[in-house]
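Taking it in order: structure first as structure tokens, then the write-up.
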Amino acid sequence: MELKGKTALVTGSTSGIGLGIATRLAQAGCDLILNGFGDSEAPKAQVGEAGGRVGYHAADLSQPEQIADLFAYAEREFGGVDILVNNAGIQHVAPVESFPIEKWDAIIAINLSSVFHATRLALPGMRERGWGRIVNIASVHGLVGSAQKSAYVAAKHGVVGLTKVVALETADCNITCNALCPGWVLTPLVQQQIDARAVGDGDLERARRELLEEKQPSLEFVTPAQLGELTTFLCTEAAAQVRGAAWNIDGGWLAR
Ligand code: NAD
């Protein structure tokens with residue numbers, strides 16, 4: 001319970017990685033503010049079981065004024081945000097010359113600009129309280145490219161760059177900012193890509209195996225629970241001098 005008394009906001013925490021991280025932070029003693037689309041009751045119950053208070057705000061992170069509403073809610077109901085996990089993200093796969101413009105704009109807004117907005121809104125309260133942790137869920141695609149993922153790779157490289165700048169601007173105080181760079185994690189975002197590979201023969205098992213074989217030497221998915229563990233570590237005093245890192249957790253993807 002070493003994070004008892006801290007309030008954590010995890011964006012995009014109704015599903016996948018965000019839900020795993022929120023659950024682990026609740027187990028560490030945090031109060032949690034959840035966010036994201038779809039059903040919020042089951043995620044609230046799951047995180048609530050771990051202990052602590054659980055709130056929820058439905059802000060669409062592509063809209064800066066809704067992000068401001070989310071922070072006003074956090075201030076009003078929880079007294080501010082001590083731990084910010086910028087996790088919400090979407091994907092679209094297409095060659096650059098036929099990449100839909102509205103998909104480009106949405107990916108840049110949700111995967112990159114929302115990290116800027118949430119960070120600029122979180123920092124004043126963290127500075128006032130003299131403590132803060134920002135963990136940005138980037139991707140291996142923040143460090144290397146893959147074909148057909150122009151917007152995603154551009155946004156995630158942007159997140160890694162923004163992480164370094166925020167780490168420098170907070171280097172003189174007890175606020176840290178780091179990025180995690182996961183490889184494949186089996187969430188709805190990746191299941192869509194497996195489904196797309198199986199169109200034709202319908203062989204989901206083959207599609208899943210080939211997806212891993214192409215990039216991830218361990219041939220195993222990273223799990224939301226493992227990402228929750230690493231995020232929690234970055235929030236402890238042991239990690240107080242981990243600053244501006246882009247920490248890959250990728251089954252060996254970047255080692256090749
Ligand atoms: P997911 O689809 O399971 O969850 C995405 C979450 O973001 C959901 O809660 C969804 O409601 C929310 N969201 C989407 N658009 C939103 C918006 N406009 N406003 C508010 N919330 C919104 O996906 P995931 O795989 O858990 O991805 C989470 C993060 O991890 C993303 O940033 C993704 O890029 C990153 N990531 C995922 C993988 C992977 O293999 N799954 C690998 C590396 C990085």
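Indexing begins at 1, ligand by ligand and atom by atom, following the structure's order. Residue numbers run from 1 in the order of the sequence given.
- A cation-pi arrangement is found for Arg133 relative to Trp131, the charged atom lying closer than 6.0 Å to the ring centre and inside a 45° cone about the ring normal.
- In this structure, NZ in Lys156 is found 10.0 Å from CD1 in Ile107, a value given to the nearest 0.5 Å.
- The part of Ile110 lying near ligand 1 is the side chain, judged by heavy-atom distances below 4.0 Å.
- In terms of polar-atom proximity, Phe37 is counted as a contact of ligand 1, with an N or O under 3.5 Å from an N or O of the ligand.
- Side-chain contact between Asn111 and Tyr152: present, with at least one pair of heavy atoms (C-beta onward) separated by less than 4.5 Å.
- At least one heavy atom of Ala138 sits closer than 4.0 Å to an atom of ligand 1.
- Nearest-heavy-atom check against atom 1 (P) of ligand 1 across Gly38, Cys181, Ser15 picks out Ser15.
- Within the 3.5 Å criterion, the main-chain N or O of Glu41 finds a donor-acceptor partner in the side chain of Asp39.
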_Set out, in order, the CA-CA distance, both residues' side-chain angles and the distance that settles side-chain contact (heavy atoms from CB on, under 4.5 Å) for Ile83 and Val135, then state yes or no._
CA-CA 8 Å; Ile83 295 168; Val135 181; 5.6 Å; no
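- Under the 3.5 Å distance criterion, the side-chain polar atoms of Tyr56 are matched with a main-chain donor or acceptor of Gly36.
- The closest approach between any non-hydrogen atom of Phe221 and ligand 1 is not below 4.0 Å.
- Not a single heavy atom of Asn111 sits under 4.0 Å from any atom of ligand 1.
- In this structure, Gln91 falls outside the shell of residues with a heavy atom less than 4.0 angstrom from ligand 1.
- Using a 4.0 angstrom heavy-atom cutoff, Pro224 does not count as in contact with ligand 1.
- Proximity of a side-chain donor or acceptor of Gln192 to a complementary backbone N or O of Ala196 within less than 3.5 Å is not detected.
- Residue contact annotation: Ala59 has a non-hydrogen atom under 4.0 Å from ligand 1.
- The N/O atoms of Ile90, backbone and side chain alike, include none that comes under 3.5 Å of an N/O atom in ligand 1.
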